[in-house]
Amino acid sequence: MGSEGYFDCVELMELDTLIGGHGINNPELVKTLAANTADAIAWLKTINIDLISVGAAGGASVRRIHRPLNEEKKVVSVGGYMIPRLEAACKARKNITILMETKATSLLTNDKGEVSGVECDHKGAKVTVNARAVVIATGGFGANLKMVALLKPELEGFMTTNAPGMNGEGIVMAQELGAAVVDMQQIQIHPSVQFDTSSLITEGVRGDGAILVNSEGKRFIDEVLTRDVVSAAEIAQPGSFAWLIMDQKMMDASSLYYGYVTKGYAFQGNTYDELAKAINVPAEALDKTMITWNSYVENRNDPDFGRTSFANTLDKAPFYAIKVTPGIHHTMGGLRIDGQTRVLKGNGEVIPGLFAAGEVTGGVHGGNRLGGTAVSDFVVYGRIAGQNAAKY
């Protein structure tokens, strides 16, 4: 039982991850992930990263997303919170050099076939980093739209939430040494990408009580099902988009959510009718949808779509709507690793001195990643990779 009164256990997280991943996950990697998440949360706290709030996410049967709060006890972006603190933790240690604006171009090996460093490009200048072990943590390839379309043609033309650097170079560099890849066609689209800017609207919005309505002002899905299911339902709606509906209570609880308003992503209205006019959906239909939904929340029962994750009613004005559509978000496929994060060849042979962690790897999430588990993935497997690379 969690400190906020939520229940969870290793076996339940394993089960959720395997079901969410359509059963094609590597069970060994799933078990390692689930068994080490609690310790990862505790370890993060030792380096000034305190993920104190726990929320719901699509595909999880219980509340499981650990999130940071600001000084006002409002939810903030986990990435914006963690990365500066991880950087500070590196700088606080001795003999760590961080090279910015430096692109790794190839892996180096010695005469024994061991990985012995990295060759890089720093603003046109060649930089060689010699090492006795290398950890690849370069992320996925969701920004490489040509690579995505080649692997999964039906995603050609989709927008992406990925940073420009997510082009899959780490995968390619390891393949040049014979590394195997797994699940490369398993590419996730996220159902809440802002329609005009491709900015990601966090999964936590729906977990915290937001609903989705179509251009007719009607709900069409259990909003906290897995990302692939919700995305498919959105694509099936007129115009292949939806409106994400929130109220002022949600804004009051999260500076992250209010940030969507200040960035100009949200339409708003002081009544359901006003909001309907602002987003050009039938007012009578949206009014009925909202009143009905609030009654479902109060009764903790959704007879229309079977949603079982409820937060608060959406009844505090003003009301907000963000236009969302699916976009390329995560690549579940990548380098084949074992439970020790060692990179493997196609025959199962270990590439000596080479480790990998995070989205650059495949096998952890199978056919679909659950919300929030990217963070647990890179923390759990990043720690394992670091420990084993140091031992090596």
Side-chain angles (χ1 to χ4, degrees), residues 17 25-44 46-47 49 79 82-83 85-87 89-91 93 95-99 102 104 106-110 113-118 120 129-141 165-166 168-183 330-345 348-366 369 373-392:
T17 305
N25 325 54
N26 180 328
E28 177 194 2
L29 299 182
V30 173
K31 186 176 183 66
T32 299
L33 176 72
N36 288 281
T37 51
D39 184 57
I41 295 295
W43 175 79
L44 285 172
T46 68
I47 57 170
I49 297 175
M82 286 184 69
I83 299 305
R85 285 167 170 77
L86 287 170
E87 184 177 358
C90 288
K91 291 179 177 178
R93 285 155 171 76
N95 303 321
I96 293 179
T97 301
I98 299 175
L99 298 178
T102 304
S106 62
L107 295 166
L108 303 175
T109 57
N110 60 24
E114 300 169 313
V115 174
S116 59
V118 185
C120 309
V129 180
N130 296 308
R132 284 177 285 178
V134 171
V135 177
I136 300 179
T138 53
F141 56 90
M166 299 297 99
E169 291 101 336
I171 296 172
V172 174
M173 284 189 290
Q175 283 182 302
E176 291 172 351
L177 298 185
V181 293
V182 294
D183 300 336
H330 191 93
T331 50
M332 280 76 69
L335 298 174
R336 183 182 172 193
I337 60 169
D338 62 13
Q340 299 176 59
T341 73
R342 299 178 298 183
V343 178
L344 307 177
K345 295 182 178 181
E349 181 184 340
V350 171
I351 298 178
L354 187 61
F355 303 83
E359 194 179 353
V360 74
T361 68
V364 177
H365 305 291
R369 178 175 68 79
T373 53
V375 177
S376 52
D377 183 0
F378 76 65
V379 176
V380 167
Y381 279 105
R383 293 182 72 205
I384 293 171
Q387 290 160 359
N388 287 327
K391 290 176 185 176
Y392 186 87

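In what follows, residues are counted from 1 in the order of the sequence shown.
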Quick one: side chain to side chain donor-acceptor pair (under 3.5 Å) partners of [X], sequence neighbours excluded?
{"X": "Asn26", "result": "none"}
{"X": "Glu28", "result": "none"}
{"X": "Thr331", "result": "Glu359"}
{"X": "Arg336", "result": "none"}

Report the C-alpha separation of Thr138 and Glu169 in whole Å, then their side-chain angles, then the decisive distance to 0.1 Å, and conclude whether the side chain to side chain contact (heavy atoms under 4.5 Å, CB included) test is met.
CA-CA 8 Å; Thr138 53; Glu169 291 101 336; over 6 Å; no
Distance-only, no hydrogens or angles: does the Asn25 side chain make a donor-acceptor pair with backbone N or O of Gly363 under 3.5 Å?
no
I need the [X] [atom1] to [Y] [atom2] distance, nearest 0.5 Å.
{"X": "Leu177", "Y": "Leu107", "atom1": "CG", "atom2": "CG", "answer": "5.0 Å"}
{"X": "Tyr392", "Y": "Glu114", "atom1": "OH", "atom2": "CD", "answer": "3.5 Å"}
{"X": "Thr361", "Y": "Asp377", "atom1": "OG1", "atom2": "CG", "answer": "5.5 Å"}
{"X": "Ile136", "Y": "Ile171", "atom1": "CD1", "atom2": "CD1", "answer": "9.0 Å"}
{"X": "Lys31", "Y": "Asn36", "atom1": "NZ", "atom2": "CG", "answer": "10.5 Å"}

Minimum-distance pair of heavy atoms, taken over all atoms of [X] and [Y]:
{"X": "Arg369", "Y": "His365", "result": "CG-ND1, 3.5 Å"}
{"X": "Ser116", "Y": "Asn110", "result": "OG-N, 3.5 Å"}
{"X": "Ala180", "Y": "Lys345", "result": "CB-C, 3.6 Å"}
{"X": "Val129", "Y": "Cys120", "result": "CG2-SG, 4.4 Å"}
{"X": "Ser376", "Y": "Thr37", "result": "CB-CG2, 3.8 Å"}
{"X": "Asp338", "Y": "Leu344", "result": "N-CD1, 4.0 Å"}

Partner set under side-chain contact (heavy atoms from CB on, under 4.5 Å) for Ile49, not counting sequence neighbours
Leu44, Ile47, Leu51, Tyr81, Met82, Arg85, Leu86
Going by atom type alone, with no hydrogens or angles, which donor-acceptor pairs under 3.5 Å involve a side-chain atom of residues 381-389 and a protein atom two or more places apart or on another chain?
unit_1 : atom_1 : unit_2 : atom_2 : d
Tyr381 : OH     : Leu29  : O      : 2.5
Arg383 : NH1    : Asp39  : OD2    : 2.9
Asn388 : ND2    : Gln340 : O      : 2.9
Asn388 : ND2    : Ile384 : O      : 3.3

